[in-house]
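Presented below is the structure to which this report refers.
Here is how names work: the chains are called A, B, and so on, in the same order as the sequence lines, proteins then strands, and each is numbered from 1.
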Number of protein chains: 2
Amino acid sequence: MKVLKATAVCLVAGLMLVLPGTIGTARADEGMWPYNHVPVARLQESYGFSPTKAWLDHLMTASVDIHASAAFVSPDGLILTNHHVALSSVQRLSTPEHNYVQSGFLAATRDEEIPIPGSSIKVLVSIEDVTDRIAGAVQPGLSAVAAQQARDNEIAAVEAEGREQTDLQCQVVTLFGGARFDLYRYREYTDIRLVCVPELQAAFFGGDWDNFCYPRFALDFAFLRAYADGKPVHPASWLQVDPNGISDGDLIFVSGNPGRTERLKTVAALDYRRDVVYPERLARLEHQREVLDGYAARGPEQKRRARTYDFFMGNSIKRTQGELNGLRNPALMQKKTSREQALRDAVAADQDLAEAYGSAWERIAAAYDWARAHDLDRRFRSEMPGSRFCGTALQLVRYQSEITKPDGERLPGYHEAELPSMLRRLQSPAPVYKDMEEVLTTDAFQRLLDGLGAGDPLVQATLQGRTPAAAAAFYLEGTRLDDAAVRRGLVAGEGRGVLESTDPLIELARRVDPLLRAAEKAFRENLEAVEDEAETQIAKARFAVYGDRLYPDATGTLRLAYGRVAGYPFATSLVPPFTTFYGLYDRAYSFGDQGDFALTPRESERRDSLDLVCPLDFVCTADITGGNSGSPVVNRDGRLVGVVFDGNATSHANQFVYDETDARSVCVDVRAILQALTKLYDAQALADELLRAEPPGGGEHTW
Amino acid sequence: MKVLKATAVCLVAGLMLVLPGTIGTARADEGMWPYNHVPVARLQESYGFSPTKAWLDHLMTASVDIHASAAFVSPDGLILTNHHVALSSVQRLSTPEHNYVQSGFLAATRDEEIPIPGSSIKVLVSIEDVTDRIAGAVQPGLSAVAAQQARDNEIAAVEAEGREQTDLQCQVVTLFGGARFDLYRYREYTDIRLVCVPELQAAFFGGDWDNFCYPRFALDFAFLRAYADGKPVHPASWLQVDPNGISDGDLIFVSGNPGRTERLKTVAALDYRRDVVYPERLARLEHQREVLDGYAARGPEQKRRARTYDFFMGNSIKRTQGELNGLRNPALMQKKTSREQALRDAVAADQDLAEAYGSAWERIAAAYDWARAHDLDRRFRSEMPGSRFCGTALQLVRYQSEITKPDGERLPGYHEAELPSMLRRLQSPAPVYKDMEEVLTTDAFQRLLDGLGAGDPLVQATLQGRTPAAAAAFYLEGTRLDDAAVRRGLVAGEGRGVLESTDPLIELARRVDPLLRAAEKAFRENLEAVEDEAETQIAKARFAVYGDRLYPDATGTLRLAYGRVAGYPFATSLVPPFTTFYGLYDRAYSFGDQGDFALTPRESERRDSLDLVCPLDFVCTADITGGNSGSPVVNRDGRLVGVVFDGNATSHANQFVYDETDARSVCVDVRAILQALTKLYDAQALADELLRAEPPGGGEHTW
């Protein structure tokens, strides 16, 4: 009883630490910290632990960017991430005869590890502050748009120089809306192979129902391996597993790539999301899921094809709903409003600050008024009409035209630093199911017609007098872009093949491109540029008032979060820090061992040989968001104790405000992974590789 | 997946059945039905099952009223109820040497079954409609107060006649606020013995955290036995156990004694509860718990003494909070408002109805305006100042004065039919812990002083110039009412000993009695009598508009509820219909097997000999409320499949509106009881008694 009461008190204390008195600066376990700005003093204060530069460098360079998160976990390039991160690859490698999604996969030897077409990962090697150079390129007195252009030119120049100096990828990362710029250098690997994944049923136990929920009983892990020149890579750093795992209350670190947060957005920006963007997005996603369900109901093969899409749809819906709940949560939004007001008051009280930055909030509010008045453009003129696959045609058309321009003048997404991964995606041999794309495209066309009316130029350019269904059939049945070789041909020679293409989807993209560009340009100039420039000012004001011990919003780049293993109070009861294999069997049998709660044959047959007390999943307070899936969780020794795979439902509000009352990151325990490898999957060699891996330096913990 | 989706659809369909189109009449699995008004046709329609009169009589006469709920489960008078229903008895029988609360208890032979002092149960034998006679006693044109007096006189007369005719207890039950009166006849048993209880830790696993929650893993059962003339009773009816239990979706019945609902209260009455009564009650309970926690922290013996109180406190707080949540739930209250408006519109549309009943709602609203203006009287002048134990003194004083009056003119609680159980409680040898009562009394006196001020006559009569602490010490240290023999002496001879008593608590009660009576009388006349009379009219209006297929609010008497075993959607996931023993071990180990989530030694040691797949608890849609604890759950064959022990958090709103979206009754599965008896408690003889019990008639299911 005492232990539990202490936990509850501790949680309340945690909550108090982020109340108004501390507005503007991060407290508790808040923060997704760039590796060059880790709050060491605060860590020492909260947890009595100061990571050294070597400790941080080791974790940073063992972390893997896989368009989600991952880590090297052996000297032979073994990579640990989530099953759901690898799922689309597993899906691509599956056939009706070998459905690895259903059966799971284990390469008995390295020869059996399967190359994943179109895959790539990158590892962050160094960070360099280039703020002075980028900011210095902007002459005083420029308009917002001109200033943005000047910055973009300088960023392109810095990245180009970086590429010339080394064989590393270079990317200038814009932080605090443009108040800080860092040059990130990456090493890339493009031969990634599938080593081991559990059955989807075990990895995603509880299905859509349990997604974003906790307690949870999922084995959401996957092993891949990086190769170079046909041989396993020997990375500079890798994480050693701690087979003893972690305990309640212990300090943990999470290293991963949170995609995007909007913590520093103004209240006006959040009001716009709450009133305009999120309700519409949620309704659209829910409708698309129904459409996809209808397609999946046609048969088992359609169901298999729809599976990946379906997963991301369910995922997106719960996330969107959770974020909307956060936006509609009066307590959280009051916290936002108080913080903003406190900063504005502080700025207003200082004449210099007031003059420099005082009007920034009003300018943003006015820009959102403009955006509300142009919402049809946001909804319909910001992407290629049709399914996501149709967007490939627009990318091909724009690729050809954009790369003829100087880097700084290109559309977002077509800068030199962004091209390699875009080109890989464009040429990916991942199968395209034209029948499914047609169903989704028909629906998208119908939505376009309903939204803009038959007389709208974009609708006319798209449908050309056809019904939505007929138009979708025309484009999808006529296109050859589903063939990766065709796309490769169009990309070749700087995309000049696109100019002569008569593929109906390419022709559609050519017709709609100018219409979309006009709308996108208006949004960039009237909303984004204004907001970027004003946010830069607000960020400077924030530095001036609170100092620079702040963390920037997530931008998809590598961040370090920290926290502790901790349960939480929920719905009048208490949620435990850990779950066990006992719980897996309870939840399965309590639903009659069927549907989303069915056990796999291995889980059923080997039940009595498992150590059921073994922890399965756990929760911690580390500050994460979408993109952190697959992030390694390490202890003070920098040793791996788990893998992040989810956030609970309340954590969605973290998009806008961190609050550790009941928001948690959900992780697979490394002990569960080891037990699964040895007792469920007969993957003893893999377990041995994990446990045998000695840290660099020959067994000494030098970091 | 399909199975689960079907469940979800079914739940939604259930919800739709209680939407506005059906206002005024019960739908779905709603209703706590008196045994003489079971909705057989609706049961046939919903579940294809029509219970016969014999089926109903059997279940009715096997049901046991134990100031909560219970049932006979063997021909030898064995009674099954909840551990928490028996807890105060177990507490009373425990000593520091033999702490059965902690260790559990099993009588190895019948000789070892321990008599519970002051205990009694009763069994409902028959129901007779006496509406015409009671209603006929009220002459037209009487004032509300005079009409109530006339009814009370006639009720007393009917009960007195009943007692003369048989040796059964007789009680006239007022239903629909006085639109129907039924005479209930009971057989009483006063020698009840303890047979078997699990350890508190097993019965109340998860403690206060998991109370009113689900999924749940509690063995909340207890066995008692009724004796008469020193021998086990052979009841007319008992329930046979079905060792196969029940399945998801199956029809079940719950027979028990729901205490009090307020479903038929007007919106004005609920507004008063939401604004005035509940917030104050919740704050008071939370404060009292803190006071009790402070007392319990003094040492292990104090902790033991506080335990029972503490349980009821935690229980009351969660329930009060849940009910307040219901009152504050806009969707639920909208349902109430719509139903009321629909009935008022129907009444207004019919001239006769409008004339007879049209003003009833306004009269109630006016009465609540009066009550709001007199809230200090409700808060402080409706009960004896001090702890609950101090109330004993007031009961003794009032007993002496009330029994000199004709039955119909007495205060509520002192009518002839109510005296036996009151006298048993007054003379109960249950231990009184004066140090704990002094702490609680000091707090109550302080609250009184803060609320009314030092100049108030009630405060002066109570404190007589002392501080709250000094006054509490004076009364508690001076009183001898903690000695059951002293109380027995005061009760004897129609309580005349009270007249000469100089016990300080008795003297306090004599001083405050007239002050409380005045306030209570004002509330009875200005609120209760007005509301009763207007509610009777509204009930008649409801009969006129919707027919008589309605169920009355719960009044603590025996009711039949029905429903089905069903999980529910909760917080973006799905809650299963059953839990298993696997889940018990998961929840224990996931919290580190400690505190409220610790396993008992038996559960730990015998873990591997249990069948962990065995269902432990389950949820069903049957409509219950406080008082239903211990209710038998039976299947179509009338065989026992479980015991109700709780409702989930959302079910608290059932106090005002039934809604089966996510409100559920929580039950122990009979299979869990059988497994616990045989494998945890070595109580094979008890399991045999349950399984051997043949139905009356020699093995034939005649009902």
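- Between B/Tyr589 and A/Tyr582, the ring planes are parallel. Angles under 30° get that label, and only those over 60° would be called perpendicular.
- When each of A/Gly583, A/Ala598, A/Pro576 is scored by its heavy-atom pairs under 4.5 Å with chain B, the top score falls to A/Pro576.
- With a 4.5 Å cut-off on non-hydrogen atoms, A/Phe217 touches chain B through its side chain but not through its backbone.
- A/Phe597 and B/Leu574 get closest at one heavy-atom pair: CE1-CD2, 4.3 Å.
- Under the side-chain contact (heavy atoms from CB on, under 4.5 Å) criterion, A/Pro615 pairs with A/Phe578, A/Asp669, A/Arg671, sequence neighbours left out.
- For B/Leu616, no part sits under 4.5 Å from any heavy atom of chain A, backbone or side chain.
- When the candidates B/Thr650, B/Leu612, B/Val575, B/Asp608 are compared by the number of heavy-atom contacts under 4.5 Å with chain A, B/Val575 comes out ahead.
- In B/Glu286, the CD atom is crowded: over 12 heavy atoms of neighbouring residues, nucleotides or ligands sit closer than 6.0 Å.
- The distance from the OG atom of B/Ser573 to the CG atom of A/Asn648 is 12.0 Å, given to the nearest 0.5 Å.
- For a residue to count as touching a neighbouring chain, one of its non-hydrogen atoms must lie under 4.5 Å from one of that chain's; by this rule A/Leu584 does not touch chain B.
- Looking at residues two or more places apart in sequence or on another chain, you find a side chain to side chain donor-acceptor pair (under 3.5 Å) between B/Glu301 and B/Arg304, B/Arg305.
- Within the model, atoms OG of A/Ser590 and CG of B/Asp617 stand 11.5 Å from one another, a figure rounded to the nearest 0.5 Å.
- Only the side chain of A/Arg607 comes within less than 4.5 Å of a heavy atom in chain B; its backbone stays farther off.
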